[in-house]
Protein chains: 2
Amino acid sequence: MQIGDLSRNAGVNVETIRYYERAGVLPVPARQGNGRRIYGEADVRRLGFIRHARDLGFDLQSVRTLLALQEQPEASCTDASRIAQAQLDEVERRLAQLQSLRAELSRMVAECRKGVVAECRVIEALNTSPF
Amino acid sequence: MQIGDLSRNAGVNVETIRYYERAGVLPVPARQGNGRRIYGEADVRRLGFIRHARDLGFDLQSVRTLLALQEQPEASCTDASRIAQAQLDEVERRLAQLQSLRAELSRMVAECRKGVVAECRVIEALNTSPF
DNA sequence: GCTACAACCTGTAGTCACTACAGGAGCAAG
DNA sequence: CTTGCTCCTGTAGTGACTACAGGTTGTAGC
């Protein structure tokens, strides 16, 4: 499998695959005689793992740790659990923040009478300290 | 007022103030004889406006537009309203996404029995396609 | 006047996770 | 043999900052 096939199979951009190699989350692959990268099924699975973790908001450092853990099936999964819990905490923090943003934004939009800027609640709200 | 005072009054990093000047969201200030920037109360208010908008998730391009609008009190505020509505849509999109992330993460964490990696639901969940 | 030391200046580079491009090589089909 | 696709490396760009290096200026204490 060359990089284009891996890209299609895993649904990940070719440039991103090369980036992941540089970033050390994908192993350096073997090369064909012409210098082209060769991949196997394991790489498709690994990319799936990476994309799923990234979609859940884990950064590449966490992905590296999770991948390393995955390769030690007999190790304790305390680390994996801790990383996931930290991510969950972060997601809940962002959720709370976004909910208050939504409240403020929808108030701003609802109160705008589409008149002139001088009376616009959107602009006025931005001029008001959030504290 | 020099840049350090503005920084303290507005609660914005000195480096960020200079960055905002380069980015064109803060006007180029007058200088003292020694080359230091001079600011006034209007700059404190403008920085407050910028920070509030940034905290609501508006990008600097939107902030530039909102600031330009703010300075034309007799213009129609349709643009301001449209920008705020777009931002509200974006916030709701991100909220929905984060809520499904939270669901998946909390399932992962809840099902982890803190045993070995081979049986870890966190790792297993990441190995499972989200589709 | 001398010596610290803080605050300021400019300009550049680093961050994160990609994305995009330039400029070139290799390969297959028509 | 030409067209067009895929691949290669290396570099630069994105957004919104943040962090430095290396220099000047201002102020306070002695």
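Each chain gets a letter, A, B and so on, in the order its sequence line appears, and its residues count up from 1.
- Of the candidates A/E21, A/Q2, A/Q32, A/R37 forms a side-chain hydrogen bond (donor to acceptor under 3.5 Å, both in side chains) with just one, namely A/E21.
- Under 4.0 Å is where a charged nitrogen must lie from a carboxylate oxygen, and between A/R93 and A/E90 at least one such pair does.
- When heavy atoms are screened at a 4.0 angstrom cut-off, A/Y20 is found touching the sugar-phosphate backbone but no base atom.
- Extent of DNA chain C lying under 4.0 Å from chain A heavy atoms, first and last nucleotide in 5' to 3' order, is C/dA17 to C/dC27.
- The CZ-P distance, from B/R22 to D/dG15, rounds to 14 Å in whole Å.
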When you look at B/E71 and B/R46, which way does the salt bridge (Lys or Arg N to Asp or Glu O under 4.0 Å) test go after all the steps?
CA-CA 11 Å; B/E71 287 173 5; B/R46 196 174 174 108; 2.5 Å; yes
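- At distances below 3.5 Å, at least one donor-acceptor pair connects side-chain atoms of A/H52 with backbone N or O atoms of B/A125.
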For a quick test of your reading: what N or O donor-acceptor pairs under 3.5 Å do the side chains of residues 94-102 of chain A make, sequence neighbours left out?
| residue | atom | partner | partner atom | Å |
| --- | --- | --- | --- | --- |
| A/S100 | OG | A/Q97 | O | 3.0 |

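- The separation between A/Y19 atom OH and D/dA12 atom C1' is 15 Å, rounded to whole Å.
- Sorted by first and then second residue, the side-chain hydrogen bond (donor to acceptor under 3.5 Å, both in side chains) pairs involving residues 3-13 of chain B (not counting sequence neighbours) are B/D5-B/R8.
- A donor-acceptor pair under 3.5 Å is formed between the side chain of B/R64 and the backbone N or O of B/A23.
- Taking B/R54 as the reference, nothing meets the salt bridge (Lys or Arg N to Asp or Glu O under 4.0 Å) condition, with sequence neighbours excluded.
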Show your working on salt bridge (Lys or Arg N to Asp or Glu O under 4.0 Å) between A/E15 and A/R18 and close with a plain yes or no.
CA-CA 5 Å; A/E15 315 267 25; A/R18 287 195 283 251; 3.8 Å; yes
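- A/R51 comes within 4.0 angstrom of sugar-phosphate atoms only, judged by non-hydrogen atoms across all strands, and of no base.
- Not one N or O on the side chain of A/Q70 forms a donor-acceptor pair closer than 3.5 Å with the backbone of B/I123.
- As rounded to whole Å, 16 Å separates atom C1' of D/dA16 from atom CD of B/E21.
- At the phosphate of D/dA16, neither OP1 nor OP2 sits under 4.0 Å from any side-chain N or O atom of B/T16.
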Close N/O contacts between protein and nucleotides 6-9 of chain D (under 3.5 Å):
| residue | atom | partner | partner atom | Å |
| --- | --- | --- | --- | --- |
| D/dT6 | O2 | A/R36 | NH2 | 3.0 |
| D/dC7 | OP1 | A/Q2 | NE2 | 3.4 |
| D/dC7 | OP1 | A/G4 | N | 2.5 |
| D/dC7 | OP2 | A/G4 | N | 3.4 |
| D/dC8 | OP1 | A/R37 | N | 2.9 |
| D/dC8 | OP1 | A/R37 | NH1 | 3.0 |
| D/dC8 | OP2 | A/R18 | NH1 | 2.5 |
| D/dC8 | OP2 | A/R37 | NH1 | 3.3 |
| D/dC8 | O5' | A/R37 | NH1 | 3.4 |
| D/dC8 | O3' | A/R31 | NH1 | 3.4 |
| D/dT9 | OP1 | A/R31 | NH1 | 3.2 |
| D/dT9 | OP1 | A/R31 | NH2 | 2.9 |
| D/dT9 | OP2 | A/R37 | NH1 | 3.0 |
| D/dT9 | OP2 | A/R37 | NH2 | 2.8 |

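- Within residues 90-99 of chain A, no residue has any heavy atom under 4.0 Å from DNA chain C.
- At least one donor-acceptor pair closer than 3.5 Å links the side chain of B/Q87 to the backbone N or O of B/G57.
- A close approach under 4.0 Å does occur between a side-chain nitrogen or oxygen of B/R54 and OP1 or OP2 of D/dC17.
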